[in-house]
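These notes are about the structure you will find just below.
These numbers come from the heavy atoms of this one structure, side chains and all, not from hydrogens, waters or symmetry mates.
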Amino acid sequence: MATLAADGRAETRDEAARLGFRLALPAQILVLFIAVFPLLMQLYISLTDWSPLSGLGWWNAWELWNNFANYTDLAADNRFWSALWRTFVVMIVCVPAEFLLGLGLATLFADDFPGKRLFYSILLMPMMVVPAVAGYMFFMLFQSGGPVNDILSTLTGTRVAIAWLSDPTLALAAVMIADTWQWTPLMFLILLAGLVGVPEDQMKAATLLGANAWQRFTTIVLPKMKTIIIIALAIRVIENFKIFDTLYIMTGGGPGVATETISVYIYKLTTQDLIWGYVAAIALAILVVLSIATVFAMRRMAAVREARA
């Protein structure tokens with residue numbers, strides 16, 4: 001009898017599993033179509049010299065097979081490496097700046113003060129501005145006769161007419177200022193969420209034991225916020241790799257190629273040169289780099305969770 005009952009339960013579980021699989025199958029097919037099919041198509045095209053001007057449909061791109069020439073060309077493409085370096089420069093400058101500003105603001109907003117809700121709303125406003133609008137706004141601000149030079153003229157007492165967006169170095173700096181202005185609120189929002197989650201009783205206990213603000217911050221707050229910090233940094237690193245709208249409207253990648261990041265370079269190759277096979281190879285290479293960075297961040301978060309357990 002007991003054997004029959006066990007067999008009946010096993011059969012019920014198997015039937016439930018089969019039903020669950022059948023119910024989830026449409027969603028799984030949809031996910032495969034959305035995520036896997038474009039990736040496979042991109043890999044396929046990246047191995048060819050296919051272009052919309054070739055007269056072939058993408059499914060016939062195999063006729064233009066190039067034996068991995070796009071990847072060997074990529075390794076020798078100085079303009080690609082320069083664009084990648086500029087992307088890293090923007091990331092190395094903007095992400096730490098946004099993190100430090102966001103952490104400082106989150107620390108201030110963790111306590112109550114008069115008008116906190118009003119300042120909170122004002123602080124989040126840049127994040128709500130469409131990047132294209134922010135780009136145009138900073139394009140106007142950094143004109144030779146624009147408000148930035150007017151403010152500098154007032155402060156220095158002399159007429160300042162810096163050509164911000166025409167100078168190769170200053171143009172990139174102006175882009176980084178715009179990016180920091182727009183995305184510091186996102187960093188602030190994420191870090192504030194982590195900061196308010198720090199156990200208050202531990203902070204009070206540390207205060208009673210004589211720990212000063214810096215000691216409480218380094219020994220309690222930062223360790224508790226490690227996962228949040230890693231998530232915030234990972235999001236902004238990935239987003240900085242994709243910086244485009246603001247930069248393109250402000251400088252168009254210029255002067256020359258002085259502000260041409262990897263996104264702008266890919267855009268120009270796609271819309272002007274129409275070498276889509278090569279563009280697919282670049283995009284896959286960037287995807288691999290970002291995937292490695294994401295895996296590293298995920299492993300770091302897992303290590304933090306294991307250390308807490």
Side-chain angles (χ1 to χ4, degrees), residues 90-142 146-148 150-152 154-155 173-240 242-243 245-246 250 297 300-301 304-305 308:
V90 172
M91 183 185 72
I92 290 169
V93 173
C94 290
V95 174
E98 291 164 12
F99 171 73
L100 293 175
L101 289 171
L103 184 60
L105 290 169
T107 305
L108 289 175
F109 277 73
D111 298 323
D112 288 328
F113 57 86
K116 178 180 175 180
R117 291 185 178 181
L118 175 63
F119 287 112
Y120 190 81
S121 300
I122 294 173
L123 191 58
L124 295 182
M125 283 180 67
M127 193 174 63
M128 302 173 192
V129 176
V130 176
V133 175
Y136 182 71
M137 187 171 70
F138 276 90
F139 171 77
M140 297 301 293
L141 286 173
F142 282 107
V148 172
D150 287 342
I151 292 171
L152 292 176
T154 304
L155 293 176
V175 168
M176 290 190 286
I177 290 171
D179 186 82
T180 304
W181 172 83
Q182 184 159 34
W183 296 114
T184 292
L186 175 63
M187 193 71 86
F188 156 73
L189 204 59
I190 297 173
L191 295 176
L192 181 62
L195 203 56
V196 297
V198 175
E200 196 172 343
D201 55 340
Q202 293 185 16
M203 297 291 284
K204 289 180 179 177
T207 304
L208 290 173
L209 291 172
N212 58 34
W214 176 251
Q215 289 170 329
R216 292 196 299 272
F217 182 73
T218 54
T219 58
I220 299 176
V221 176
L222 279 184
K224 293 291 181 185
M225 290 180 62
K226 268 186 180 177
T227 303
I228 294 292
I229 290 172
I230 292 171
I231 291 172
L233 292 177
I235 289 174
R236 286 307 301 145
V237 166
I238 293 171
E239 288 296 319
N240 256 281
K242 299 187 297 182
I243 182 172
D245 312 59
T246 307
M250 286 179 69
R300 183 63 183 163
M301 283 191 290
V304 171
R305 283 197 298 270
R308 286 181 180 176

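Under 4.0 Å is where a charged nitrogen must lie from a carboxylate oxygen, and between D179 and R236 at least one such pair does.
V198 approaches M225 most closely through the heavy-atom pair CG2-CG, 4.2 Å. In terms of heavy-atom proximity, M187 sits nearest to F99 at CG-CA, 3.6 Å. Here the shortest heavy-atom pairing between V129 and A134 reads CG1-N, 3.7 Å. I190 approaches A232 most closely through the heavy-atom pair CG2-CB, 3.8 Å. When all heavy atoms are compared, the tightest approach of T246 to P131 is OG1-O, 3.2 Å. Annotation for T219 and P223: closest pair O-CG, 3.4 Å, computed over non-hydrogen atoms.
The shortest side-chain heavy-atom distance between W181 and M137 falls under the 4.5 Å cut-off. Residues N212 and T207 have side chains not in contact (no heavy-atom distance under 4.5 Å, counting atoms from C-beta outward). The shortest distance between side-chain heavy atoms of L186 and I235 falls below 4.5 Å. Side-chain contact between W183 and E239: absent, with no pair of heavy atoms (C-beta onward) separated by less than 4.5 Å.
Atom-to-atom distance recorded for F188:CZ and E98:CD is 14.5 Å, nearest 0.5 angstrom. Put simply, CG on L233 and CD1 on I228 are 11.5 Å apart, with the number rounded to the nearest 0.5 Å. Atom CE of residue M128 and atom OG of residue S121 lie 7.0 Å apart, to the nearest 0.5 angstrom. Taking OG1 of T180 as the reference point, atom CG of L100 lies at 11.0 Å (rounded to 0.5 Å). Separation of atoms CG (L103) and CD1 (I229) is listed at 6.5 Å; rounding is to 0.5 Å. Atom CE of M250 is separated from atom CZ of F139 by 9.0 Å, given to the nearest 0.5 angstrom.
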Walk me through whether I243 and V175 qualify under side chain to side chain contact (heavy atoms under 4.5 Å, CB included). CA-CA 10 Å; I243 182 172; V175 168; 4.1 Å; yes
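In this structure, the side chain of T184 does not engage the main chain of G102 through any donor-acceptor pair within 3.5 Å. In terms of modelled atom types and a separation under 3.5 Å, the side chain of R216 and the main chain of A211 share a donor-acceptor contact.
At most 12 non-hydrogen atoms from other residues, nucleotides or ligands lie less than 6.0 angstrom from NZ of K204. For CE of M125, the number of neighbouring non-hydrogen atoms (other residues, nucleotides, ligands) closer than 6.0 Å is 12 at most.
By the 30° and 60° cut-offs, the orientation of the rings of Y120 relative to F109 is tilted.
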